[in-house]
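Inspection log for the structure reproduced underneath, given as structure tokens.
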Amino acid sequence: MLEPHSYAAGQWVAPARDAAILNSPVTGSAIARAGGAALDFQGMIDWATSRGGPALRTMTFHERAKMLKALAMYIDGRKEELYALNPLTGATRKDGWIDIDGGIGTMFVFASKGRREMPDGHVYLDGEIEQLSRGGTFLGQHIALPLHGVAVHINAFNFPVWGMLEKLAPALLAGVPCIVKPATQTSFLTEACVRIMMDSGLLPEGAVQLIVGRTGDLLSRLGPQDVVSFTGSARTALALRSMPNIIENGTRFIAEQDSLNASIMGLDVTPDSPEFDLFIREATTELTTKAGQKCTAIRRMIVPDAMMDPVIEALSARLDKTTIGDPEAEGVRMGALVSATQKADVLEMAALIGTETTRVYGDPDNFDTQGADPTHGFLPPMLFRCDDPDAAKQVHSTEAFGPVSTILPYRDTAHAAALANRGQGSLVASVITNDPQIARDITLASAHWHGRLYFNNRTSAKEATGHGSPLPHMTHGGPGRAGGGEEMGGIRGVLRYMQRTAIQGSPDILTAIGGVWVSGAKEKTGPCHPFQRTFHEIEIGETITTDPRKVTLEDIEHFAHFTGDTFYAHMDEDAAKANPFFPGRVAHGYLLLSFAAGLFVQPDPGPVLANTGLNALTFQQPVSPDDEIHVRLTAKRKTRRTDEYGEVRWNATLYNQHGDQVAEYELLTMVAYSR
Ligand code: NDP
């Protein structure tokens, strides 16, 4: 008998004597006792905010990203312990892969994005400098810093590992401690993963706590710096988000709830096109994976009128090959629903859908299972046919959270989009089409109702990640009935745990706050050429101004013939003059860049290892023969990259002999920590 413990204020707390008994959906026998422990919820909040929060906030974004990577590697090394428990949730090994490897993979992506897209510091700069004044002495910049509260993560039963890790990764990267509350039915798997994380010793004390069982008065204790991220039913979401303190304090509430996701087969698809098979394949996967208990599963298949019968026939043939049964038995492709209660709920919802449709596949009272008794948590895939989708109501509003889907016919693309939109807000709609115009028409008619639009066809089929897979790079959530929330989406997901603040002030103030040199801020002169200085010696704002160099007509001609760039603006005085941008023949922009490098580089071997790129190049004024240019190079931003070197970004500005700016760019270099 499993006994998943809570982890509160640094202590593992056993379930109470009157804990809930959890039964196996596969055999019906008792497998675990969970919940009921008397937890000190205020103590948990205090533990998080007094220990976890401060410890996380002393780390830079990169340090937290490295911690996530190490944690993901550690869990990966012990994931078989999680796979051993996975069948007790009714799931097959393949289902478990989405949950366990999917969760670990999500953590890896956040770790990598944190290193690549966030600073090696404490302040995240959100967007570019805003010019608020003519003279450039008063500027604006948006920044983001972690909230000082706690993130409460309430998760659904279907993905006990992924559901936790996809919320933990962005919150921890932001620097916010978390209290995780998994669904009780599958809490033993979440608990095993939390134990692994605690064993790793990688998390600061107070960064993660776990509640197995009910949340007591935890939510009524939350305030303005806290975040609730909820996944589950619309009913619970409504009850929690309308708690008086959540409303009064403006506590952030992210909800991911029911969704009547649709998949549209494009009008261009015929039974002999590759897209037809693709549609059938995706539809089968969504019906059978996790026994249909996926928030993103396809609940409505919207197909052209003429495709109704071919789709039903092809899907039925494919579903015939799906072996249902004990998730550990050889050859089983579809396991059990999570519990007998969930099975009863699905049957009730399917009966509602059945009032306006005809069941064309799957009889819940008569189906085979392998190695298991079908009367336990098992159901067959069930397909319904709805011939009047415009009049139907239940089909567009009842979510049977299991292997249930309805096929609906449509007349034209506008009709297909209108039917998809009848779900009143979904997590994902997919469109299987090889016609880009159909894709665009559906996007314009439908995107406002869906959190994600997924297109697939013969070109992307091999690499596409699947209708039902939320990816850490992309936002996961949807409008309206889907909850109105968003999770993940790369760094967007991290910002949900941070406060965005608009900073206004002088260039020096903005430089000091953001740690990035802002044009107009004080410049410093170093003791020697900055290319002779190591990464740590270079100071933000350190500047050199070069000697001038004349650009001659011979230089321009030489460069033109040497590179082959004999564009008329450099070669033909009359043609150049006729162009509204040029006073006559002008120097190539790339010639100016090359001369600039020749002016500012220090040629001897030294700590600067390589020039790795150039950003935001603008040519602002033409340079004519016999003009003189000089360069000002200022250290703008430093980011540690490896144990040996880091990236230094420089602002490079080119001026002419009148002091007018002629070009500007950001130069990227890698600089060693030692000589
Ligand atoms: P619930 O809303 O009942 O539960 C979701 C989570 O909320 C669980 O962790 C649950 O804990 C917790 N919870 C329930 N009541 C409270 C409360 N008063 N205070 C704090 N936490 C609470 O949904 P279910 O998981 O039971 O699933 C029911 C339906 O939700 C499904 O049929 C489906 O429609 C939808 N769903 C949607 C998902 C999605 O990803 N969009 C995923 C899963 C379900 P406990 O388990 O202890 O009750």
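Read the numbers this way: they start at 1 and go in the same order the structure lists the ligands and their atoms.
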For ligand 1, note which part of [X] has a heavy atom under 4.0 Å away: side chain, backbone, both or neither.
X      : result
Asn158 : side chain
Leu240 : side chain
Thr184 : both
Gln293 : neither

At less than 4.0 angstrom from any non-hydrogen atom of [X], what atoms of ligand 1 do you find?
X      : result
Thr231 : 5 (C), 6 (C), 39 (C), 40 (O)
Ala183 : 8 (C), 9 (O), 46 (O)
Ala156 : 42 (C), 43 (C)
Asn155 : 6 (C), 8 (C), 9 (O)
Gln342 : 32 (O)
Asp258 : 34 (O), 35 (C)
Thr215 : 19 (N), 20 (C)
Gln257 : 39 (C), 41 (N)

Identify the protein heavy atom lying closest to [atom], giving its residue, its atom name and the separation to 0.1 Å.
atom                    : value
atom 32 (O) of ligand 1 : Phe401 CB, 3.3 Å
atom 34 (O) of ligand 1 : Glu399 OE1, 2.5 Å
atom 27 (O) of ligand 1 : Phe157 CE2, 3.5 Å
atom 37 (C) of ligand 1 : Gly232 O, 3.6 Å
atom 11 (O) of ligand 1 : Lys181 NZ, 3.0 Å
atom 12 (C) of ligand 1 : Ile154 CG2, 3.7 Å

Trace of the salt bridge (Lys or Arg N to Asp or Glu O under 4.0 Å) decision for Lys393 with Glu356: CA-CA 8 Å; Lys393 288 200 171 65; Glu356 52 194 28; over 6 Å; no
Minimum heavy-atom distance [X]-[Y], with the two atoms named:
X      : Y      : result
Arg359 : Pro364 : NH1-CD, 3.6 Å
His153 : Leu168 : CE1-N, 3.8 Å
Gln293 : Phe401 : CG-O, 3.5 Å
Arg33  : Pro15  : O-CG, 3.6 Å
Ala19  : Ala34  : CB-O, 3.5 Å

Derivation and outcome, side chain to side chain donor-acceptor pair (under 3.5 Å), residues Ser50 and Asp46: CA-CA 6 Å; Ser50 67; Asp46 294 344; over 6 Å; no
Check whether any heavy atom of [X] sits under 4.0 Å from an atom of ligand 1.
X      : answer
Phe230 : yes
Arg214 : yes
Pro182 : yes

Selection from Ala400, Gly478, Cys295, Gly402 by shortest heavy-atom distance to atom 39 (C) of ligand 1: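 Minimum heavy-atom distance to atom 39 (C) of ligand 1 goes to Cys295.
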Proximity winner for atom 29 (C) of ligand 1, if only heavy atoms of Ser233, Pro160, Gly35 are counted: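 Among Ser233, Pro160, Gly35, the closest heavy atom to atom 29 (C) of ligand 1 comes from Ser233.
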Check the surroundings of atom [atom1] in [X]: do more than 12 heavy atoms from other residues, nucleotides or ligands lie under 6.0 Å from it?
X      : atom1 : value
Asp368 : CG    : no
Glu3   : CD    : yes
Met243 : CE    : yes

Is [X] reaching over with its side chain to a backbone N or O of [Y], donor-acceptor style, under 3.5 angstrom?
X      : Y      : result
Lys181 : Thr215 : no
Ser6   : Val212 : yes
Asp99  : Val161 : yes

Polar proximity ligand 1 side, Thr236 side, N/O cut 3.5 Å exclusive: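 Yes: some nitrogen or oxygen of Thr236 is under 3.5 Å from one in ligand 1.
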Glu256 N/O under 3.5 Å from ligand 1 N/O: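 N/O-N/O distance under 3.5 Å: yes.
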Side-chain ion pair, Arg481 and Asp258, N-O less than 4.0 Å: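 So Arg481 pairs with Asp258 through a salt bridge.
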Ser405 side, atom OG; Leu315 side, atom CG - distance, nearest 0.5 Å: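 Reported value, rounded in 0.5 Å steps: 8.0 Å.
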